[in-house]
Amino acid sequence: MLQPVILLFVLGTCSAVENPGIEITVNNKGLQYGKHAGADWIQGILGNITLPFMDGRIRVGCFSSLYYTFTDTRIRKCDLPEPSVEFSPEAAGLNMSISGLSVALTGEWMASFSFLQSVGSFNMALFSVDVTSVVKLDRDNNGHLSVSSVSCEAHVENVDISLSGGASWVFQALMNRHKSQFKQNIEDGICPQVEKSIANLEHYLQVMNVSFDVDHTLAVNLSLTASPDINPSSLNVGLKGEFFSIQTHNDPPFEAQPFTVPVQGDYMFSVVLSEYTVNSALYGYYSAGLFNIFINDSMIPPDFPVHLNTSSMGPYIPQLPKALLGLQMNLQVNATSVPMVTFQPDWAKQSFHATAEAFAVQPNGTQTPLFQLRADSAFSGQSWIDAGKVKGNVSVDNFTLTLISSDVGPVNTKTLAKSTREGIEMILTRVNEALSRGLDLPRLKRAKFVNSVLKVEQGFVSFFSDAEVWPTDRGFNRPKHTHEFF
Ligand SMILES: *[C@@H]1O[C@H](CO)[C@@H](O)[C@H](O)[C@H]1NC(C)=O
Ligand SMILES: *[C@@H]1O[C@H](CO)[C@@H](O)[C@H](O)[C@H]1NC(C)=O
Ligand SMILES: *[C@@H]1O[C@H](CO)[C@@H](O)[C@H](O)[C@H]1NC(C)=O
Ligand SMILES: *[C@@H]1O[C@H](CO)[C@@H](O)[C@H](O)[C@H]1NC(C)=O
Ligand SMILES: *[C@@H]1O[C@H](CO)[C@@H](O)[C@H](O)[C@H]1NC(C)=O
Ligand SMILES: *[C@@H]1O[C@H](CO)[C@@H](O)[C@H](O)[C@H]1NC(C)=O
Ligand SMILES: *[C@@H]1O[C@H](CO)[C@@H](O)[C@H](O)[C@H]1NC(C)=O
Ligand SMILES: *[C@@H]1O[C@H](CO)[C@@H](O)[C@H](O)[C@H]1NC(C)=O
Ligand SMILES: *[C@@H]1O[C@H](CO)[C@@H](O)[C@H](O)[C@H]1NC(C)=O
Ligand SMILES: *[C@@H]1O[C@H](CO)[C@@H](O)[C@H](O)[C@H]1NC(C)=O
């Protein structure tokens with residue numbers, strides 16, 4: 001009676017789902033485009049590969065067999081028809097098939113029959129080859145994508161072989177006479193090779209890293225949070241999407257929240273980035289102290305209204321120019337909390353809370369503490385894609401200063417805040433000029449994004465796009481008709 005209860009409890013705790021920080025969706029349009037580009041790429045490299053060693057046995061009569069081996073087999077010509085690939089919800093994976101493939105091969109043969117042994121070279125043609133392979137996509141215990149073969153079927157309509165060298169005429173005659181056995185051997189050899197390639201891919205995926213260094217400070221964990229979700233029109237993968245400090249490896253003190261990706265138009269794929277992912281990066285930088293900023297006057301634009309020189313501080317700290325005249329000042333601005341970002345429809349908001357400690361630099365280099373302030377600021381921004389460029393604008397919503405302590409008499413925080421805010425707005429005007437010209441979307445080595453849309457939603461940013469792959473040079477010509485093979 002107790003056992004089912006315990007089992008339920010265990011299952012219940014194990015199935016506590018981890019919300020993804022990043023979600024990637026590939027739609028059927030993307031799958032079909034990817035397949036087309038992939039087929040072109042495969043056609044391009046086919047001319048340059050050596051096929052695996054093939055061997056077989058043909059039973060000749062009741063007691064004797066012909067044993068043969070093909071080595072150094074190359075593809076001479078290949079008529080690669082457009083393959084078909086579709087999402088297969090039943091198999092939780094992909095259903096791939098190719099039909100009507102014809103291929104001309106050339107290589108070396110070695111054969112033995114009774115006391116006769118011989119070697120030579122061969123030409124072989126396979127006509128109307130059909131192969132269907134169904135693979136399952138899954139997540140392994142370490143969060144890797146995992147791929148396994150569910151089923152494979154192969155059919156070869158016809159085989160022609162022509163041997164030369166040695167006692168080729170004997171073996172040629174035997175192979176022709178037992179062609180159906182020979183064809184069966186070839187057919188039986190296809191699926192084990194397909195399954196071996198899938199196993200190789202799986203091995204490659206298992207040893208792949210799921211986290212990557214982004215810079216000297218941060219790495220990102222892209223492990224899968226669940227098995228890919230496959231339905232007839234799309235594949236959806238949730239990734240952890242957590243940035244963490246390479247040094248401390250600490251998880252952020254907040255969790256990914258669930259979100260629902262809106263359905264949007266006819267795009268090849270979409271990438272959704274949650275607040276959690278962005279804030280984990282900000283948390284990583286914050287814990288590494290990257291939001292503790294040292295500022296001196298040479299870092300401030302010349303036309304900024306406030307300057308770090310004791311002589312120009314009169315309007316804000318009346319006693320300062322009297323006490324210390326003409327000294328350079330430094331400011332140590334330290335964030336007091338993670339500058340978290342929130343996404344709301346069409347807007348991103350960020351708040352920044354910090355302490356600012358001011359020092360005067362004495363002629364002998366000694367830093368004399370002057371005063372300490374608390375600075376609270378809030379920014380909001382918008383971002384969109386226009387003509388293939390990321391554009392946007394940022395504005396300051398709030399900027400307040402509060403005095404913590406002063407060694408140089410009263411500080412007029414209101415006027416200091418007003419001037420500083422004007423300076424910040426001046427800098428943002430320049431930033432916005434650059435943002436209105438736009439930034440290029442990242443380019444990949446062999447592809448670019450087209451028809452892209454960026455949308456800020458409640459809790460996440462979504463990027464919908466099509467891709468365009470540069471055409472590759474084909475390795476060799478595709479014959480139009482199978483009679484061109486010989
Ligand atoms: C795979 O596709 C083929 C042809 O499109 C179909 O006959 C077969 O039932 C499919 N199998 C699965 C598991 O989806
Ligand atoms: C995986 O990450 C480790 C540590 O960062 C690195 O040494 C290794 O080269 C990476 N492996 C691959 C295949 O990128
Ligand atoms: C990435 O996240 C997964 C799931 O939370 C975890 O099991 C794995 O240890 C993490 N990897 C790294 C390098 O932090
Ligand atoms: C300001 O700081 C930078 C970097 O720390 C330094 O190179 C520069 O000389 C400093 N400028 C002044 C005027 O102290
Ligand atoms: C500070 O400002 C005064 C007056 O503008 C100037 O004479 C002085 O050279 C400045 N000091 C430094 C260190 O830049
Ligand atoms: C601000 O940060 C700097 C550099 O990390 C550190 O040396 C300093 O003690 C911090 N000041 C305050 C008030 O936290
Ligand atoms: C540097 O100059 C200041 C002010 O003139 C003085 O108070 C301080 O003792 C000096 N420091 C050193 C190390 O000479
Ligand atoms: C930012 O861009 C949006 C959309 O073009 C526009 O409506 C808004 O006025 C802009 N805000 C600023 C401060 O320029
Ligand atoms: C601006 O700051 C004040 C004082 O800190 C706060 O009361 C107000 O809510 C803030 N407004 C925004 C939009 O952040
Ligand atoms: C075939 O491979 C060789 C050596 O790896 C390389 O130099 C050549 O460019 C390749 N040819 C094609 C068509 O890929």
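Atoms within a ligand are numbered from 1 in the order they appear, just like the ligands themselves. We're numbering straight along the sequence, starting at 1.
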Item to complete: Answer yes or no: is there an ion pair linking Glu433 with Arg437, defined by an N-O contact shorter than 4.0 Å?
Response: no

Worksheet item: Can you find a non-hydrogen atom of Gly326 under 4.0 Å from ligand 5?
Response: yes

Worksheet item: For ligand 7, which atoms have a heavy atom of Gln362 less than 4.0 angstrom away?
Response: 4 (C)

Practice prompt. For the residue pair Asn296 and Asn330, confirm or rule out a side-chain donor-acceptor distance under 3.5 Å.
Written response: no

Worksheet item: Just how far is it from atom NZ of Lys240 to atom CG of Asp251, taken to the nearest 0.5 Å?
Response: 5.5 Å

Discussion item. Side chain to side chain contact (heavy atoms under 4.5 Å, CB included), that's the test. Do Leu51 and Leu105 meet it? Break it down for me.
Written reply: CA-CA 9 Å; Leu51 295 185; Leu105 306 171; 3.6 Å; yes

Worksheet entry | Those protein residues which place at least one heavy atom below 4.0 Å from ligand 4 | Asn296, Ser298, Met299

Item to complete: Show your working on salt bridge (charged side-chain N to carboxylate O under 4.0 Å, His left out) between Arg430 and Asp303 and close with a plain yes or no.
Response: CA-CA 12 Å; Arg430 287 176 203 159; Asp303 51 356; 2.5 Å; yes

Worksheet item: In Å, rounded to the nearest 0.5 Å, how long is the span from OG1 of Thr336 to CG of Asp376?
Response: 7.0 Å

Discussion item. What's the separation between atom CG in Asp40 and atom CG in Leu80, rounded to the nearest 0.5 Å?
Written reply: 9.0 Å

